[in-house]
Amino acid sequence: MIIIDGKKTSEEIQNEIAKEVEAIKASGGKVPHLAAILVGNDGGSETYVASKVKTCEKIGFGSSLFRYPDTITEAELLIKIDELNNDPVVDGFIIQLPLPKHISDQKVIERIAPKKDVDGFHPSNVGRMALNMPTYISATPYGILQLLERYKIETSGKHCVVIGRSNIVGSPMSILMARNAYPGNCTVTLTHSKTKNLQELCLQADIIIAALGKAEFLTADMVKQGAVVIDVGITRIKSDKTKSGWKLLGDVKFDEVAPKCAFITPVPGGVGPMTIASLLMNTLKASKGAVYK
Ligand code: NAP
């Protein structure tokens, strides 16, 4: 059994990008630049955005952070988006979600120029993904593809069961794993809360991607010997054994499932750390004009 190390893989990718940025700088090229918009004072969102900006600095990207109070109107936010769409310094930008209730997430996402949508949420980029065209794949699915690729996990002809059909994880994952590509070429079963025979389906799976958000849901009696298990779930529970008083659990009962697996991602340290690597890869692609030529 091999435990897939997302932290190490993410660091490797960041080092590779940092080297590429050095080469771009040495040849006088344009340094990739990521901008982020943060609305309001949500503690979690602030931490995520701060860590994204810090990582940009670490690997040599330019970065800018635009902060607004949660009283900003939708119209004002859309004006800022237009400004970033037209700013030649900014290669890509992200808007930290969720937004305050009076602002439509969808309207905001659709206002981002697809070529600068490095979060990969714009309908154009989701459509391009479904059509197997060059695109920005959103952070979590892209991170999972990287893990499969870098651990050289065979996917062609395999049966992949995805648990969960959200727009940000399960649904794109099912499309990506079915694409005629590597990773891909799987026979995919997309499951959700109305699926009746989940255990039976999981027992047939060569690859299980668990993204339902229910702590330790996937147990050993649902997994066949030699399966690959990717655990996307993150549930924070109280714990008197950690300094912070909290601990993170995945959707997989790791201790009993891991011995049956060929490969498995842990929580924390599996899929989670890959999201920043994905964002940086997308920003590099944007600065090279690799998606929209
Ligand atoms: P979500 O929007 O809540 O979607 C959950 C999906 O799971 C839904 O499609 C739901 O079915 C399905 N589901 C719920 N209970 C089920 C059950 N008993 N059996 C089968 N399917 C079931 O969740 P999400 O945003 O995709 O996130 C999923 C988990 O991944 C969460 O723990 C989240 O924190 C985590 N996450 C982690 C990362 C990371 O970087 N590691 C990134 C994103 C999300 P219905 O559609 O029928 O309701």
Side-chain angles (χ1 to χ4, degrees), residues 3-11 13-14 42-45 47-49 51-52 55 94-99 105-106 109 118-121 126 129 136-148 160-177 188-205 207-219 221-223 229-237 246-254 257 263-282:
I3 297 179
I4 296 175
D5 190 338
K7 192 161 178 278
K8 186 169 136 248
T9 309
S10 179
E11 276 160 15
I13 292 172
Q14 289 174 40
D42 176 78
S45 295
T47 314
Y48 290 136
V49 171
S51 109
K52 286 170 187 171
T55 310
I94 56 171
I95 297 152
Q96 189 66 40
L97 300 175
L99 290 165
D105 287 5
Q106 200 52 37
I109 288 168
V118 286
D119 256 342
F121 291 150
V126 178
M129 174 198 66
Y136 305 114
I137 298 170
S138 60
T140 306
Y142 198 12
I144 294 170
L145 293 186
Q146 286 297 316
L147 290 176
L148 293 170
C160 175
V161 170
V162 180
I163 313 176
R165 58 176 162 185
S166 72
N167 286 344
I168 60 161
V169 192
S171 175
M173 239 17 261
S174 70
I175 294 168
L176 291 162
M177 294 305 281
V188 175
T189 304
L190 178 58
T191 69
H192 45 76
S193 69
K194 310 290 186 295
T195 299
K196 290 221 156 60
N197 51 343
L198 188 60
Q199 180 178 23
E200 196 185 311
L201 292 167
C202 286
L203 280 169
Q204 292 166 24
I207 302 170
I208 298 177
I209 301 174
L212 68 159
K214 298 235 178 325
E216 300 191 323
F217 176 88
L218 193 82
T219 45
D221 57 354
M222 299 173 82
V223 178
V229 172
I230 305 292
D231 188 353
V232 186
I234 303 176
T235 304
R236 211 165 71 123
I237 58 151
W246 295 96
K247 105 179 204 196
L248 298 183
L249 289 179
D251 285 346
V252 177
K253 199 155 193 182
F254 186 88
V257 171
F263 295 88
I264 184 166
T265 61
V267 175
V271 174
M274 292 299 292
T275 54
I276 181 70
S278 304
L279 180 65
L280 299 173
M281 285 189 292
N282 278 342

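Residue numbers count from 1 along this sequence. All ligand and atom numbering here is 1-based and tracks the order in the structure.
- In this structure, atom 41 (N) of ligand 1 has protein heavy atoms in its sub-4.0 angstrom surroundings.
- A donor-acceptor pair is defined here as one N or O able to donate and one able to accept, closer than 3.5 Å; such a pair exists between the side chain of Thr47 and the backbone of Gly43.
- Taking a cut-off of under 4.0 Å to the non-hydrogen atoms of Gly233, the atoms of ligand 1 that pass are 29 (C), 30 (O), 32 (O), 35 (C).
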- Query: Yes or no on side-chain contact (heavy atoms from CB on, under 4.5 Å) for Leu198 and Phe217, after CA distance, side-chain angles and deciding distance?
  - Reply: CA-CA 11 Å; Leu198 188 60; Phe217 176 88; 3.5 Å; yes
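- Annotation: atom 39 (C) of ligand 1 to nearest protein heavy atom, Ile234 CD1, 3.9 Å.
- The distance from ligand 1 to the heavy atoms of Phe217 drops below 4.0 Å at these ligand atoms: 18 (N), 19 (N).
- A donor-acceptor pair is defined here as one N or O able to donate and one able to accept, closer than 3.5 Å; such a pair exists between the side chain of Thr265 and the backbone of Asp231.
- The option from Leu249, Ile168, Ile144, Ile163 that lies nearest to atom 25 (O) of ligand 1, judged by heavy atoms, is Ile168.
- At a 4.0 Å cut-off, at least one heavy atom of Gly272 sits close enough to ligand 1 to count as contact.
- Looking at Thr191 next to ligand 1, no N or O pair under 3.5 Å apart turns up.
- Inclusion of Ser193 in the set of residues having an N or O under 3.5 Å from an N or O of ligand 1 is warranted.
- In this structure, Ile276 CD1 and Met281 CE are separated by 10.5 Å, a value rounded to the nearest 0.5 Å.
- In this structure, atom 44 (C) of ligand 1 lies nearest to the protein heavy atom Val169 CG2, 4.0 Å.
- With Gly250, Pro268, Ala139, Gly213 as candidates, the residue nearest to atom 29 (C) of ligand 1 on a non-hydrogen basis is Gly213.
- Surrounding CG of Asn197 are more than 12 heavy atoms belonging to other residues, nucleotides or ligands, all under 6.0 Å away.
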- Task: Take Val126 and Asn167, measure what side-chain contact (heavy atoms from CB on, under 4.5 Å) needs, and give me the verdict at the end.
- Result: CA-CA 10 Å; Val126 178; Asn167 286 344; over 6 Å; no
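- The shortest contact between atom 4 (O) of ligand 1 and any protein heavy atom is with Ser166 CB, 3.8 Å.
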- Message: Set out, in order, the CA-CA distance, both residues' side-chain angles and the distance that settles side-chain contact (heavy atoms from CB on, under 4.5 Å) for Leu148 and Ile230, then state yes or no.
- Response: CA-CA 9 Å; Leu148 293 170; Ile230 305 292; 4.1 Å; yes
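- A distance-only check finds a donor-acceptor pair linking the side chain of Ser174 to the backbone of Ser171 [under 3.5 Å].
- Per-atom contact check: atom 47 (O) of ligand 1 touches the protein, criterion being a heavy-atom distance below 4.0 Å.
- The single protein non-hydrogen atom nearest to atom 21 (N) of ligand 1 is His192 C, 3.1 Å, given as residue, atom name and distance.
- Under a 3.5 Å cut-off, the side chain of Ser10 and the backbone N or O of Pro273 do form a donor-acceptor pair.
- Distance alone, capped at 3.5 Å, places no donor-acceptor pair between the Ser138 side chain and the Phe121 backbone.
- Within ligand 1, counting atoms from 1 as listed, the ones closer than 4.0 Å to a heavy atom of Gly164 are 6 (C), 7 (O), 9 (O), 12 (C).
- Between the side chain of Asp251 and the backbone N or O of Leu212, at least one donor-acceptor pair lies under 3.5 Å.
- Regarding atom 9 (O) of ligand 1, its nearest protein heavy-atom neighbour is Arg165 N, 2.8 Å.
- Near Thr140, meaning under 4.0 Å from one of its heavy atoms, ligand 1 places the atoms 40 (O), 42 (C), 43 (C).
- Proximity of Leu212 to ligand 1, defined as any heavy-atom pair under 4.0 Å, is shared by backbone and side chain alike.
- With a 4.0 Å heavy-atom cut-off, ligand 1 is reached by no atom of Met274.
- Considering only non-hydrogen atoms, atom 35 (C) of ligand 1 lies nearest to Val232 out of Thr275, Val271, Val232.
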- Working for side-chain contact (heavy atoms from CB on, under 4.5 Å), residues Ile137 and Ser278: CA-CA 8 Å; Ile137 298 170; Ser278 304; over 6 Å; no
